[in-house]
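First listed ligand is number 1; within each ligand, the first listed atom is number 1. Below, each value reflects all heavy atoms present in this structure, side chains not excepted, and no hydrogens, waters or symmetry copies.
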Amino acid sequence: MSLVESKALSREAVIDREIGRFGSDNSGPTIVVFAGIHGNEPSGVFAIKEVIQNLNKSNLPFSGQLIALAGNKTALNNGERFIRYDLNRIWQSEIVTKIRNGGLKQNGTNTEIAEQTEIFQHIRRIFENNKPPYYFIDLHTTSAESIPFITINDTLRNRNFAMRFPLPVILGIEEFVSGTLMSYVNELGPIAIGFEGGKHEKQSSVLNHIACLWITLVTAGCIKKEDVPEYQEYYNRLKQQSLHNKKVFEIRYRHKRTEHEDFKMLPGFENFQHVKKDQHLAGNKSGKLCSPEKGCIFLPLYQDQGDDGYFIIREIRMFWLKISARLRTGNAGSFLRIIPGIKQDTDDPQTFHINPKLPLYLIRPIFHLLGFRKAATKNGLTHFIRRKYDVTEPKIYSTEFIDRYL
Ligand SMILES: [Zn+2]
């Protein structure tokens with residue numbers, strides 16, 4: 001049990017790991033909602049409770065099942081982002097494998113590992129008991145003023161789902177931020193997206209989360225639009241706050257904040273605000289931190305915890321998104337093999353190594369178009385890996401699959 005407080009709503013709630021569930025029809029989609037993976041972001045907890053309560057009252061036809069899980073219960077109880085480790089940065093496969101094998105000791109000093117182990121067990125049970133299609137949703141809020149937006153790993157399936165919402169979509173966050181829960185889930189096969197509702201502890205963020213959840217249930221096919229009288233209101237609510245039309249952005253740069261650099265953002269930046277090249281954005285003990293290029297500032301950090309100082313993002317034109325979708329559904333990856341300086345891995349055909357003499361700024365967009373992500377630089381070679389389940393979801397998640405990965 002955990003006591004969660006919303007200052008925005010002047011309310012408290014006592015929650016278990018499973019906040020609630022609705023529906024039971026195993027022939028429909030499975031929607032899994034996470035709330036409060038960052039403990040200072042209680043908005044999602046109150047939003048999902050409200051949606052489940054209304055579903056219970058309304059008695060409308062519902063296909064599939066909705067399951068809501070709490071993220072960092074201890075941190076939610078304390079109103080802090082995390083206790084020792086950021087629970088949304090520790091879902092790397094090595095850590096998950098250790099948890100699966102029972103190799104990570106849970107003790108009082110390792111709060112997040114205990115939280116992660118419990119969440120992992122819940123996810124495993126969901127794959128054992130439910131059926132695809134799966135949609136995983138992670139509800140967040142930001143430390144800066146912000147309109148609501150969506151973050152995704154750039155698979156075509158995530159894109160298509162995310163673009164049904166009248167909100168800006170940020171692609172490819174997994175190239176810059178490692179170990180998020182949604183990246184981990186995405187690699188297993190489901191659609192997995194992050195909803196940022198707005199600023200921490202604002203009532204409007206809770207309302208935005210509620211709107212996102214209803215649109216999710218309709219878009220995934222759990223309920224019919226015409227059965228939700230307030231549907232258009234929810235849709236318009238998000239649309240009115242959005243950037244005039246649906247815009248898609250890619251992340252170009254991240255300032256990684258370290259604990260001892262004395263990072264301080266200049267006051268007053270809002271998410272998506274335009275910035276110029278060399279514009280002064282923040283400072284640390286070495287001096288000024290300036291934007292490396294023209295673009296929009298994204299997730300400027302105005303709290304003490306967190307390792308993302310700020311990002312610079314840039315819009316991707318719809319033309320390129322369409323080209324990319326065409327190339328990925330074809331087999332255009334095969335032409336990469338004939339480009340000098342690009343080598344396919346002998347053990348893993350989904351991985352390519354790039355000779356350091358090739359200009360990365362030209363190569364990277366080609367790999368992105370084709371559905372690859374930059375994974376790491378090893379022995380001087382940059383590696384690009386094809387994102388799994390880009391265009392199709394596994395039809396079944398077999399017992400063998402579950403035993404191997406969960
Ligand atoms: Zn968060």
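For Glu293 and Lys277, the salt-bridge test fails: no basic side-chain N is under 4.0 Å from an acidic carboxylate O. A salt bridge is absent between Asp304 and Arg257; no separation between the charged side-chain nitrogens and carboxylate oxygens falls under 4.0 Å. Ion pairing of Arg17 with Glu115 is present here, as a side-chain N (NZ or NE/NH1/NH2) and a carboxylate O approach within less than 4.0 Å.
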Side-chain donor-acceptor pairs of residues 263-272 under 3.5 Å, sequence neighbours excluded:
residue : atom : partner : partner atom : Å
Asn271  : OD1  : Leu299  : N            : 2.6
Asn271  : ND2  : Ser146  : OG           : 3.0

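Phe195 pairs in a ring pair (Phe, Tyr, Trp, His ring centres under 6.0 Å) with only one of the listed residues (Trp214, Phe165, Tyr135), which is Phe165.
Aromatic pair Phe352/Phe372: centroids less than 6.0 angstrom apart.
Below the 2.8 Å limit, the Zn ion (ligand 1) has as protein N, O or S neighbours His38 ND1, Glu41 OE1, Glu41 OE2, His140 ND1.
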